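Worksheet for the structure shown next.
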Amino acid sequence: MFKVITESHKTWWKLFGKTVYYKNETPFEIRNRFLFYRWTIQKKNNLSETREDQTTKARKSSIKINEPDVSVIVPVFNAQNYIEACIRSLIEQNDKNLEFIFINDNSQDESLDKIKSIQDNRIKIVDCKINIGVAAARNIGLAIAKGKYIGFVDPDDVIDKDYFGHLYRKARINNADIVMTNSIVKMSDNGQIIGSKSSGNNSEERNLNSRDRMRIALTTGVSWNKIYRKELLLKNMIHFPEIKTMGTDNYFTALSLILANKVITTNKVSYFYRENPNSIIRKKKDESYFLQVEVYQRLLERVKHLSIKRSLKIEWEKVINYRATNDFYNNIKGFDTDEQKRAFIDFINSKYNRFKIEPLKEPIVSLTSYPARIRLIKETISSLKNQSVQIKKIVLYLAESQFPQKDKDLPESLLNLVDEQFCIEWTKEDIRSYKKLLPALQQFPDEIIITADDDVIYPQDWAERLLKSYAIDKDCIHCLRGRDIKVNNREIEPYSRWRLIKQPLFPSYKILPTGVGGCLYTKALLDQEIFDKDKYMSLAKDADDIWFWSMALKKGTKIKIAHPSLTKPKIIEGTQDTALWNDNVKRNDSVIKSILNSYPEVKEKLFTN
């Protein structure tokens, strides 16, 4: 009836000389853990709260607090190069009614000394005599926190001066369980601003619905850009799974988002996230990454027992599965040898029965061009040859009628790129933009085909995003850019109202892929009528994307936008003056109407999605 959770047992036996037993597969394990924390802190066998010694007390500042607005938990391990900047950004917060809990996780550098040197009575230090990992360290902070809300900061990061004050005010005004900043700024190791990190959300000042919360969990499961009502965590027994691996944030954040009554976001303050080259994210993968599967197994098991609507539970299970498999695929790349990669794949497949991991397949990348664009296409080809995954073949289909002298009509810069991977194929007839897909489907009927446009410089992980998305949902067509087809009272709204989908979630018939972002097809997912030249030339002469989409729906195939999406592709300068889409936007409504009238079964799919 009872069992020992292996990883927790090892850690807590070393630290406290006690064994914690949990009832198998029930939420009571979390309540027991919190009670055990509190008991342990009182006994403090091998933990020392270094702030309580007489020397330190004499050096405390004059700041006095009662119940803190926010308890800020900072797990620290070998962060001597960054910890002082982190502490300064905390103690200089505009809101003075805060407490800062530093959990020194047996650092082997000067981190602890640097924390102890700061004179501020809001600082609490817990010194662990063995390394217990970031999850267990945060849990100790949760056990002793006295604030109304809980916040997290990593020891190599910094925050705006009004960060916690602003989040706390938002929480109190809106009676929110969670307040999150959308503004995550990426810093280099030396503190230079190098970009931003997606929070998974774009809205502000409203209670996020379940789909918004799912997008956050799918995009970034980090705990440190939010504050959480402590009562929410205690009441629902939310803590970090004590496993020394990546992804423990995802467990904590997903449960909090599911169970929170109100989640509010803001763009007014920023969290500055340092891309530390020595962080766990960037280190070479080792045995600890095999344990990540346990994080997601525990999370799915916990969600299974939650008292929420069944339909909502199913959707959350899908999101967690998407996130898990995406993380597993990302981990594969970090192992040095094929033997290690194979061992990891075999382990995941033996433990994670919700999805079968397999090596990503090598696709055919297909595209076309015409004389007005041909002199600039070398930039597109170069980006396709520089992908993070292996491409089996890159094929450029050109019409003989447009280049009557064939190679002699092509720029030398393009011909120099031809090799075993990249080739140029000639078509007898010019079927306009349809050349980017239809010839490839016929030439490679059993292969994965990814289409590209000839005026885009694609990011290095472009094909990888599509292939990972396909590996998870093989019965869908996948794209990186798509529009949300608006349907109102069984009527299709004008194309101009179809907004780009920035934060994708689930497959749908009501997604129109836009080819500029790249699309992944297999012949089996498309109706055979896709090759009917008379039909597509009469119905959608310059609207290949709409034709391909309609033939997917006719086959009963849904569309899925891969994550992360590519809403703003890098267009090659000087190519858009002659682009077909300038005219297509005006004609799309009539094209869509003609296709739906010709194929009522496609139209019906939009109403039964």
Side-chain angles (χ1 to χ4, degrees), residues 366-370 372-373 397-399 401-402 427 429-442 449-456 476-487 491-498 500 508-523 525-559 561 576 578-607 609:
S366 175
L367 70 166
T368 189
S369 191
Y370 56 103
R373 294 261 190 92
Y397 292 96
L398 299 176
S401 61
Q402 291 184 317
T427 63
E429 59 179 343
D430 180 16
I431 54 174
R432 302 173 68 85
S433 58
Y434 287 89
K435 296 193 300 294
K436 73 180 179 184
L437 177 60
L438 299 188
L441 289 175
Q442 293 172 321
I449 311 293
I450 300 179
T451 60
D453 274 13
D454 60 349
D455 59 344
V456 178
C476 297
I477 285 168
H478 299 261
C479 61
L480 281 172
R481 190 174 184 271
R483 294 187 178 275
D484 183 15
I485 300 172
K486 295 296 183 184
V487 178
E491 292 295 329
I492 313 298
E493 295 192 7
Y495 179 85
S496 59
R497 297 181 186 174
W498 300 5
L500 284 173
S508 173
Y509 292 127
K510 294 191 287 188
I511 295 175
L512 175 68
T514 59
V516 66
C519 299
L520 183 151
Y521 301 92
T522 65
K523 189 177 180 180
L525 295 173
L526 297 161
D527 191 89
Q528 282 299 302
E529 200 168 349
I530 193 173
F531 297 107
D532 191 329
K533 182 182 175 183
D534 292 337
K535 282 286 183 67
Y536 64 71
M537 281 298 183
S538 63
L539 293 174
K541 183 179 180 181
D542 295 321
D544 54 280
D545 290 342
I546 298 174
W547 177 254
F548 298 154
W549 163 79
S550 67
M551 291 299 101
L553 267 64
K554 188 171 186 289
K555 184 71 171 182
T557 301
K558 291 184 177 183
I559 315 299
I561 299 181
Q576 287 297 302
T578 58
L580 288 173
W581 64 264
N582 285 320
D583 296 325
N584 284 350
V585 169
K586 302 175 183 178
R587 290 198 293 262
N588 278 346
D589 285 326
S590 61
V591 170
I592 293 163
K593 183 178 180 181
S594 297
I595 287 178
L596 295 182
N597 287 338
S598 299
Y599 299 100
E601 66 270 38
V602 171
K603 186 175 184 179
E604 194 60 30
K605 286 286 196 303
L606 298 177
F607 304 142
N609 188 32

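These numbers were taken from a predicted model, which means no experiment stands behind them.
Of all heavy-atom pairs spanning C519 and G515, the tightest one is SG-CA, 4.1 Å. Of all the heavy atoms in S550 and V602, the pair that sits closest is O-CG2, 3.5 Å. Residues D430 and A399 share a closest heavy-atom pair of CB-CB, 3.7 Å. Closest heavy-atom contact between I485 and Y509: CD1-O, 4.1 Å. Of all non-hydrogen atoms in K435 and T368, the two that sit nearest each other are CE-OG1, 2.9 Å. Looking at every heavy atom in both residues, Y397 comes nearest to A440 through OH-CA, 3.4 Å.
Atom OG1 of residue T557 and atom NZ of residue K605 lie 9.0 Å apart, to the nearest 0.5 angstrom. Between the CG atom of D542 and the CZ atom of R587 there is a distance of 4.5 Å, given to the nearest 0.5 Å. Interatomic distance, OG1 of T427 versus CD of Q402, reported as 8.0 Å (0.5 Å rounding). Note that NZ of K541 is 10.5 Å distant from NZ of K533, once rounded to the nearest 0.5 Å. Taking CG of L437 as the start and CE of M551 as the end, the distance is 12.5 Å to the nearest 0.5 Å.
Contact annotation: the side chain of K535 approaches that of Y599 to within less than 4.5 Å [non-hydrogen atoms, C-beta and beyond]. Contact annotation: the side chain of L512 never approaches that of I559 to less than 4.5 Å [non-hydrogen atoms, C-beta and beyond]. No side-chain heavy atom of K593 sits less than 4.5 Å from a side-chain heavy atom of S590. The side-chain heavy atoms of I492 and L606, taken from C-beta on, include a pair separated by under 4.5 Å. A 4.5 Å side-chain heavy-atom check between K558 and I511 finds every atom pair outside the cut-off. Contact of the N588 side chain with the I546 side chain is registered, since non-hydrogen atoms from C-beta on lie closer than 4.5 Å. In this structure, F531 and L441 have side chains that are in contact, with non-hydrogen atoms separated by less than 4.5 Å. Taking the side chain as every heavy atom from C-beta outward, Y370 and R432 never approach each other to under 4.5 Å.
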side-chain contact (heavy atoms from CB on, under 4.5 Å) between M537 and I431, intermediate numbers included:
CA-CA 8 Å; M537 281 298 183; I431 54 174; 4.2 Å; yes
Report the C-alpha separation of Q528 and K523 in whole Å, then their side-chain angles, then the decisive distance to 0.1 Å, and conclude whether the side-chain contact (heavy atoms from CB on, under 4.5 Å) test is met.
CA-CA 8 Å; Q528 282 299 302; K523 189 177 180 180; 3.6 Å; yes
Output, in order, the C-alpha distance, side-chain angles, deciding distance and verdict of side-chain contact (heavy atoms from CB on, under 4.5 Å) for K555 and L525.
CA-CA 7 Å; K555 184 71 171 182; L525 295 173; 5.7 Å; no
Report the C-alpha separation of Y536 and E529 in whole Å, then their side-chain angles, then the decisive distance to 0.1 Å, and conclude whether the side-chain hydrogen bond (donor to acceptor under 3.5 Å, both in side chains) test is met.
CA-CA 9 Å; Y536 64 71; E529 200 168 349; over 6 Å; no
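Side chains of S433 and D544: a donor-acceptor N/O pair is present below 3.5 angstrom, by distance only.
With D453 as the fixed residue, the salt bridge (charged side-chain N to carboxylate O under 4.0 Å, His left out) test singles out one of R481, R373, K436: K436.
Using a 4.0 Å cut-off between charged nitrogen and carboxylate oxygen, D484 and K486 count as a salt-bridge pair. Between K554 and D527 there is a salt bridge, since a side-chain N of the basic residue sits under 4.0 Å from a carboxylate O of the acidic one.
By the side-chain hydrogen bond (donor to acceptor under 3.5 Å, both in side chains) test, S366 pairs with no residue at all, sequence neighbours left out. Scanning for side-chain hydrogen bond (donor to acceptor under 3.5 Å, both in side chains) contacts around S369 gives D454, with sequence neighbours left out.
At least one donor-acceptor pair closer than 3.5 Å links the side chain of W547 to the backbone N or O of I530. One N or O on the side chain of D589 and one on the backbone of Y495 form a donor-acceptor pair closer than 3.5 Å. Using a distance-only test at 3.5 Å, with no hydrogens or angles considered, no donor-acceptor pair links the side chain of S594 to the main chain of L539.
Taking the six-membered ring where the residue is Trp, F548 and Y521 present perpendicular rings, their angle passing 60° and hence far from 30°.
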